[in-house]
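Values below: all heavy atoms of this structure, side chains included; hydrogens, waters and symmetry mates excluded.
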Amino acid sequence: TDLGGISAVVVTHVHGDHFDSEKLQKIISQNPDAKIFTTQEVVDKFPQNTKTVKNGETVDVNGTVLEFFGEQHAEIDPKTPLNQNIGVLVNQKLYYPGDSFTECNKQFDILAVPASAPWLRVGQTIPLIENSKCNQVFPIHNALLSDIGDSITNTWLQKFSERSGKSFTYLKPGESTEI
């Protein structure tokens with residue numbers, strides 16, 4: 001498909017559901033000046049057009065401000081070493097933590113909260129939701145859920161969101177929301 005007009009890509013970490021070197025290569029072939037902001041682990045596997053970003057770093061890409069948070073992926077197994085992970089705040093509007101519970105200590109509009117993963121128990125999202133200085137929450141990382149699982153998980157995430165004064169929005173695949 002047409003991947004033109006892309007200035008920047010954020011890859012939160014090296015796992016295959018977030019990092020796809022073939023897709024990145026297609027983006028760069030159509031956008032030779034596009035920058036990829038990511039962790040050192042990703043840069044080691046795909047050095048083309050990449051820049052390692054760290055917790056607390058801010059970059060401006062043509063007026064879009066990206067602020068980075070965190071350092072590590074959430075634990076999957078105590079015997080498995082943790083991968084690097086970087087969360088991103090976009091224009092102080094949308095915060096995406098990648099595969100982590102890393103909190104963003106700034107005011108922003110929308111939290112993209114992980115909903116399902118081998119490393120996640122839905123109750124672990126409570127502090128992320130409650131401590132976030134945002135108005136709205138929507139679930140992400142929920143492709144592993146069946147329709148029934150999605151419904152149950154969304155019920156809990158909505159409860160956590162509303163009890164801390166935030167609205168909850170569920171977006172089905174292909175849907176979007178205005179930021």
Side-chain angles (χ1 to χ4, degrees), residues 6-15 17-19 34-42 50-76 82-145 150 153-154 156-179:
I6 296 175
S7 318
V9 175
V10 175
V11 178
T12 59
H13 63 286
V14 74
H15 290 160
D17 59 330
H18 293 257
F19 166 59
K35 300 289 183 233
I36 300 167
F37 300 98
T38 190
T39 65
Q40 185 61 50
E41 289 174 337
V42 173
T50 53
K51 179 183 183 327
T52 301
V53 288
K54 303 221 180 261
N55 183 46
E57 191 169 342
T58 300
V59 296
D60 186 312
V61 181
N62 304 327
T64 298
V65 178
L66 305 173
E67 296 177 70
F68 297 96
F69 295 85
E71 296 175 359
Q72 293 186 316
H73 191 285
E75 182 179 80
I76 298 172
L82 295 176
N83 288 104
Q84 298 168 338
N85 181 90
I86 196 77
V88 62
L89 176 62
V90 181
N91 284 341
Q92 292 194 324
K93 293 184 180 255
L94 170 69
Y95 179 60
Y96 176 77
D99 283 7
S100 78
F101 304 111
T102 300
E103 296 176 12
C104 170
N105 59 2
K106 299 198 170 195
Q107 183 75 37
F108 58 95
D109 295 334
I110 302 173
L111 170 65
V113 66
S116 174
W119 50 270
L120 175 104
R121 192 178 73 246
V122 74
Q124 293 172 294
T125 64
I126 295 170
L128 180 60
I129 292 170
E130 289 182 342
N131 295 336
S132 290
K133 300 171 188 169
C134 65
N135 304 314
Q136 184 178 358
V137 174
F138 78 94
I140 56 160
H141 211 286
N142 52 359
L144 297 176
L145 295 173
D150 220 15
T153 298
N154 287 338
W156 281 103
L157 293 174
Q158 182 171 0
K159 177 183 175 178
F160 304 153
S161 299
E162 290 177 350
R163 81 176 182 197
S164 58
K166 298 164 178 70
S167 66
F168 178 82
T169 302
Y170 172 64
L171 300 173
K172 294 181 182 174
E175 293 181 338
S176 62
T177 187
E178 188 73 25
I179 297 178

| said: Tell me which pairs pass ring-ring contact (aromatic ring centres under 6.0 Å, His included) where either residue lies in residues 157-179, with sequence neighbours left out. | reply: Trp156-Phe160

Can you find a heavy atom in the side chain of [X] that is under 4.5 Å from one in the side chain of [Y]?
X: Leu82; Y: Glu75; answer: yes
X: Leu66; Y: Val90; answer: yes
X: Glu41; Y: Gln84; answer: yes
X: His13; Y: Val42; answer: no
X: Ser116; Y: Thr153; answer: no
X: Asn105; Y: Phe69; answer: yes
X: Val11; Y: Ile36; answer: yes
X: Ile126; Y: Phe101; answer: no

Spatial distance of atom [atom1] ([X]) from atom [atom2] ([Y]) [nearest 0.5 Å]:
X: Gln72; Y: Thr39; atom1: CD; atom2: OG1; value: 11.5 Å
X: Ser167; Y: Ile110; atom1: OG; atom2: CD1; value: 8.0 Å
X: Asn135; Y: Phe108; atom1: CG; atom2: CZ; value: 9.0 Å
X: Trp119; Y: Gln124; atom1: CH2; atom2: CD; value: 8.0 Å
X: Thr169; Y: Gln158; atom1: OG1; atom2: CD; value: 9.0 Å
X: Gln107; Y: Ser132; atom1: CD; atom2: OG; value: 10.0 Å

Testing the basics here: between [X] and [Y], what is the closest heavy-atom pair and its distance to 0.1 Å?
X: Glu130; Y: Lys166; result: O-NZ, 3.6 Å
X: Leu120; Y: Pro114; result: CD1-O, 3.9 Å
X: Cys104; Y: Leu89; result: SG-CD2, 3.8 Å
X: Leu128; Y: Ser100; result: CD2-O, 4.4 Å
X: Ser7; Y: Val61; result: CB-CG1, 3.8 Å
X: Leu171; Y: Thr177; result: CD1-CG2, 4.1 Å

| Would you say the side-chain atoms of His15 and Asn85 include a donor-acceptor pair closer than 3.5 Å? |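 Distance-only check fails for His15 and Asn85.
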
| Derivation of the side-chain contact (heavy atoms from CB on, under 4.5 Å) call for Thr12 and Asp99 | CA-CA 8 Å; Thr12 59; Asp99 283 7; 5.6 Å; no

| Audit row: Thr38, Ile86, side-chain contact (heavy atoms from CB on, under 4.5 Å) steps and yes/no | CA-CA 7 Å; Thr38 190; Ile86 196 77; 5.6 Å; no

| request: Could you check Phe138 against Leu94 for side-chain contact (heavy atoms from CB on, under 4.5 Å), going step by step and ending with a plain yes or no? | output: CA-CA 10 Å; Phe138 78 94; Leu94 170 69; 3.9 Å; yes

| message | Consider side-chain contact (heavy atoms from CB on, under 4.5 Å). Of Val113, Val88, Thr102, Asp109, which one does Tyr95 pass it with? | response | Thr102

